[in-house]
Structures are given as structure tokens and as C-alpha cells.
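Structure record follows, encoded as C-alpha cells.
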Amino acid sequence: MNVAVAKATPPLDARSLHLRRLVVKALEGGGRGHIGSSLSPLEIVRVLFDDIMRYRPKEPNWPDRDRFILSKGHGCLALYVMLADKGFFPEAELATFCKRDSILGGHPEHGKVPGVEASTGALGHGLPIAVGMALAARMQHKDHRVFCVMGDGETNEGSVWEAALCAGKHKLSNLVAIVDYNKVQSYGPTKVVLDMEPFLDKWRAFNFAAIDVDGHDVGELRRLFKNLPLDPAKPAAIICHTVKGKGLPFAEGKAEWHHKSKVTERDVMAMYDALGGR
Amino acid sequence: MRQTAIQMVHELAKRDSRVVFLGSDLGPGILEAMRLEFPERYFMEGVSEANFVGMSAGLAMEGFIPYLNTIAPFFTRRAFEQIAVDLCLHHLPVRMLSSGGGLVYAPLGPTHLAIEDMAAMRALPNMTVVAVCDAPEMRRLMEQSLTWPDPMYIRLAKGGDPVVSDPARGFTIGKGILVREPGTVLFVSTGVMLGQVIQAADLLAESNTRCGILHMHTIKPLDTDLLSEVAAEVSLVVTVEEGIRAGGLGSAVLEALSEGTNMPRVLRIGLPDEFPHEYGSQDTMFDTYGLKGPQIAKSVSSELASNSRSIKLTA
């Protein structure tokens, strides 16, 4: 772990709290959802969309856009609130989450949600697709980049490492693999279920330039992403140390809050209270 | 047939800059001419089918038309989820050239046999499943593959298969080819089974049983219009496929005919619900499972004899 992540995480600022309230709005509408898994990557997604990536909300297929794939599709609320915030679709749509005719399902679908590059949900699919996209960009002499956010549990999948080998072989410096390392997967701690440590060493062994960062420190994330590529001849792996359920003290670090098939009114009230109100 | 398919990728690549080739650790020297001419569109990746299919999806999302080649079950068994989610759900024009369709790899054992591939691929929404009968027909298929909108599973046969197709009958993806007008019996076959079925029909003709032949190179989407039309007047439909009977061509034909008003009797000839337990060659396995022309003819004769009370013989 580097020095940057050893210090205390700064408190969530007004924008992070606002985005979390939007997540709760969707959870309230849908009555269910992956809560902890959507809150841990929120600052990663925020910084990419606020400060790093180029895109046009009203022209989601703009050819020169940076590509963003949320490979951990179950964390879709983090992406949905960001896309709504940026105007890819109306914010009111969030309240339809998981409803029969909604465009916003429990996992994101390309073709339904403007701004969603690939339908994800089955784990271990995003990075291979991102590799293909990054190769395509190189072949087409385009300078856009491909960002792929994965869960830590997701990296248990062999396909992630097949793709990592391939990305390293092709020296895809336009590819950025980001891991939301909240250290809790569905059943429990990643250390118990399947320990991926030494995580940075693994990525480096697969020919990535790898670094870790506090995944809730907006300033640090911004500084790091602005310095990409980490190595002009290698893909980058950014291991983001995060907290599952970040922002909800009663949910933080708890596997029980990975997914709730029923979110009660009481849960909603408690979440808003923790975030300083509606 | 495999050589034709692979060589055609190079030809298509010359015509269309969107065409890329991806192999999964294939034999040395494959498509060397394309590698030399278009190195940026030639990828020889490792033994990693999940990534290989997923990255092809990424390439297709960006406008390329990937042609992939590896051994059939390594597509259909190993990378099934990638095929379903990355290719079919996203409706991408990726073409899987699947070596060793059916029993081609008989000497290599059941890990290498593609017995349920057509059933598995046929179950996937948006997928197109094709098994042509010989090299010239493969050429016609590959020509059309360039503009076909869906992901395609293209089953390759052994190579050196007897040429039984006729360019005069034409070829269109998704359209069956009526090789012989129906009589009492209508054979419906796919892939290289056409050659065996022609033999069977010739043998049956000697005993005055006139048999039509419908070559269904495209199993999905099935040409149900033509099938219904030509099956309407026959007493017995016989499906013949180099794959397990559950879920394959025979199942597709049964499903289609069951929706009609006058369903003929259907005899499905194919592999049983088991992993083949012997080696040998594709030809010896045809013999084991009754897929050779004379065996097919005998099965049909027995069927006609055992059902003579219920089947009106008009030949």
C-alpha cells in the first residue's frame, strides 16, 4: 500500500453526499438494490465523469468519447446517478429503478440506458470487452481511452486474468483497469472467500503498470487519473481502496449490505439521515 | 471446407477493412498470407477462449467484423456465457468458425467432439447457426457472412468432404435448399449429412420409395416456410444430423411442424443422449451411430414398414 492511502480519508463532500442521496432515491423507487456495492465506487465514477473523461451526454455514441465500462454491473446505481446528473437521461428516471418499464434495471443494459457501453452483470466480461475496444481505438488511430471498473470479488474470475494477459501482451496503454477494492464480496471478506493479495503484484506480473489509491479521496483520484498513462507502454491498473457502503455508517464494511432484495421505508429513512437529509 | 473458410477471411479482409481475424492458439502458419498483408488485423491469442470471444465483442462494438477460429466445443462449452452475453445480447456481427463440427475429432475423444453445439447455439436469441455441406457452399456462405447482421456459429466439417452442392440451386443464409422434390419421404439434413442422405435417397429409390431432400444449412433461423410447404404432402419426414437429437435440427423441425395443422410422422436420426465412448474416425463413428447412407436407408425402410398401417404409401 502506498503512502497516499495510509492517511485518513477526507470526509465526503457535498457533491458526494448529493450523489449518494440520488442512489437512495433510486433504491426507494425500486425497493431493492445493491447498496454497498454501489456506494464504494461512487467517487471513482464521479471523478472520471467530472474531471477525466470526455463525452457528450446528448450524443452518447459520439465516436471520440472515452469508453466507460462498469464491469461490476451490480454497482449500476453509481453509474445511473452519474449519468442522470450529467444529463444522459432525466433524473426523475432514477425513481423507476427496477420497475417493469424502466430503462434502469438491476444491471446496466447497453441500448436501453444512454451512456452504458456494454451490458454487464455476469462478472468477468467487462475487461475482455474493454481490451477489444482499446485495440480497436489503436487500430483506428483514435486517442480515446477505455476505462473498466471491476469489483474485487469479480477479479476471482479467470476471464479477468485472461484479458489482463492479453492487454499486457498488446501493451494497451489506452486501457485503464480499475478495481473497486472494498474488501467485502457477497459472502464476506475477500480475505476469507478468496484472497487476491498480493493484488498489485499480480497486476504487475501481468504486465500492467499498477498503483493503489484511496478510492474515496477525490483529490487523490483526480491527481492520479490526470497522470495517466502510468507507463506509455503498458495498460494501467488502479487499485482503489474503498469501503463497501461508504457514507452509511451502519452499512459500511458489511456483507449484509452488498445487496438488499427489500429496502424498507425505515432503511430509506436511515440512509437519508446518515446523508444529512433528503 | 475449413481451408476455404479460413482463406475466405483473407479475401474478405482485402475487400473490407472492417474484417479482422482472431485465432486461439491455432496451428503454425495459419492464414500466414493475411498475417503478412494485414498484420494489424490478424490476432493470434492464447488458449483463453473467454477473453478471445469477449475481446471480439469489443472490436465489433467499435465497428469491426471479427472472424474467430478455434475448435468447436472450446467455443460452445468454454465460452458459452461470453457468446450469450457479449455476442448475442449485444447483437454483434462476430463470426465463429468452429473447427471439428460433430464427430470430426473422433480419434481425440469426447472432449473434442461437438455433439450438442448446434442445440446449445440454437437456444441463444439473436444467434445464427449454419452448417454447410461442402467447400464450395462454404465459399457461398462466407461471401454472404460479411453483411449478415447477427452473430454466427459456423460449423466446419473435416475437409475434403465430397462436393454435393450445386451452385445452380443458389445459397441464401436462412433459406433451405430443396435438393430433390419430395415423394413419400422428405429428408431434412444439415451439414455434411447431405452427402449421406443423397446416398440413402438413391438406395430407397431403387426400392421405389421416392424421397425428397431438403438441405437446411441454416438451422437458425430455420426456413419454416419452405419446410412446411414441402413437408405438407409427405408421409414421413426424416431428419438427419451429426449431433445429439435433443435440441438440434430434428428438434427444430419438430417444433416447426408441430405448429402446422397436418403434422407428418417425424423420424429423427442423430446421436443418442450420451458421450461417444469410442475413438476411430468420423467415418467409423458414422457407422456406430447409423449415419451412413445405407444405414439411413435401412432405418427409413424399417420405419415405413413398421408404420405401414398408419402411413399411406404413395410412391
Side-chain angles (χ1 to χ4, degrees), chain A residues 60-61 63-69 71 73 105 107-112 116-142 144 146-148 150 157-170 172 174-175 177 206 235, chain B residues 13 16-25 34 38-68 70 74-75 77-95 124-126 149 151:
Chain A
N61 296 325
D64 292 332
R65 72 194 183 280
D66 286 321
R67 272 54 165 174
F68 177 84
I69 296 176
S71 192
H107 294 93
E109 279 193 70
H110 173 74
K112 278 192 178 173
V116 169
E117 296 283 355
S119 301
T120 53
L123 297 174
H125 288 245
L127 196 60
I129 291 173
V131 165
M133 287 179 162
L135 272 172
R138 177 190 286 176
M139 292 156 74
Q140 292 163 337
H141 308 292
K142 301 257 194 176
H144 62 258
V146 184
F147 295 88
C148 177
M150 289 170 283
E157 290 281 7
S159 56
V160 169
W161 300 100
E162 289 184 7
L165 284 168
C166 184
K169 166 190 163 181
H170 290 291
L172 296 174
N174 56 351
L175 174 69
F206 281 68
Chain B
D16 192 319
S17 61
R18 297 172 301 168
V19 171
V20 296
F21 176 75
L22 294 93
S24 175
D25 191 31
M34 178 172 172
F38 305 113
E40 73 286 356
R41 287 193 277 145
Y42 176 101
F43 298 98
M44 189 54 64
E45 297 304 316
V47 188
S48 46
E49 291 82 4
N51 177 64
F52 161 68
V53 173
M55 72 187 273
S56 76
L59 286 162
M61 287 173 183
E62 299 296 342
F64 288 99
I65 304 174
Y67 284 76
L68 277 55
T70 193
F74 306 163
F75 274 124
R77 292 176 181 166
R78 174 59 67 101
F80 188 78
E81 192 179 71
Q82 278 73 22
I83 294 169
V85 175
D86 301 350
L87 306 188
C88 293
L89 179 59
H90 290 88
H91 212 142
L92 296 170
V94 174
R95 287 76 179 88
L124 293 172
N126 298 334

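Throughout, a chain's letter reflects where its sequence line sits, starting with A, and its residues are numbered from 1.
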Are B:Met61 and A:Glu117 close enough, and set up right, to give a side-chain contact (heavy atoms from CB on, under 4.5 Å), and what steps lead you there? CA-CA 9 Å; B:Met61 287 173 183; A:Glu117 296 283 355; 6.0 Å; no

Where [X] and [Y] come nearest, the two heavy atoms and their spacing:
X	Y	answer
A:Glu109	B:Leu89	OE1-CD1, 4.4 Å
A:Gly132	B:Leu59	O-CD2, 3.4 Å
B:Met55	A:Leu135	CE-CD1, 3.2 Å
B:Asn51	A:Glu162	N-OE1, 2.9 Å
A:Lys169	B:Met44	NZ-O, 2.7 Å
A:Ser119	B:Val85	O-CG1, 4.1 Å

Just wondering, are more than 12 heavy atoms of other shown residues or ligands nearer than 6.0 Å to [atom1] in [X]?
X	atom1	answer
B:Arg78	CZ	no
A:Lys142	NZ	yes
A:His144	NE2	yes

Report yes if some heavy atom in the side chain of A:Met139 is under 4.5 Å from a heavy atom in the side chain of B:Glu62; otherwise report no.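 No; the side chains remain at least 4.5 Å from each other.
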
Between A:Ser159, A:Ala163, A:Pro63, which has the largest tally of heavy atom pairs under 4.5 Å with chain B?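 Option with the top pair count is A:Ala163.
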
Between B:Val20 and chain A, which part of the residue has a heavy atom less than 4.5 Å away: side chain, backbone, both or neither?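 Interface part for B:Val20: side chain.
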
Side chain, backbone, both or neither: which part of A:Arg138 has a non-hydrogen atom closer than 4.5 Å to chain B?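 For A:Arg138, there is no contact with chain B at all, as no heavy atom is under 4.5 Å.
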
Proximal component of A:Ala118, with respect to chain B [non-hydrogen, under 4.5 Å]: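 For A:Ala118, backbone and side chain are both near chain B.
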
Using side-chain contact (heavy atoms from CB on, under 4.5 Å), reason through A:His125 and B:Glu81 one step at a time and then give a plain yes or no. CA-CA 9 Å; A:His125 288 245; B:Glu81 192 179 71; 2.6 Å; yes

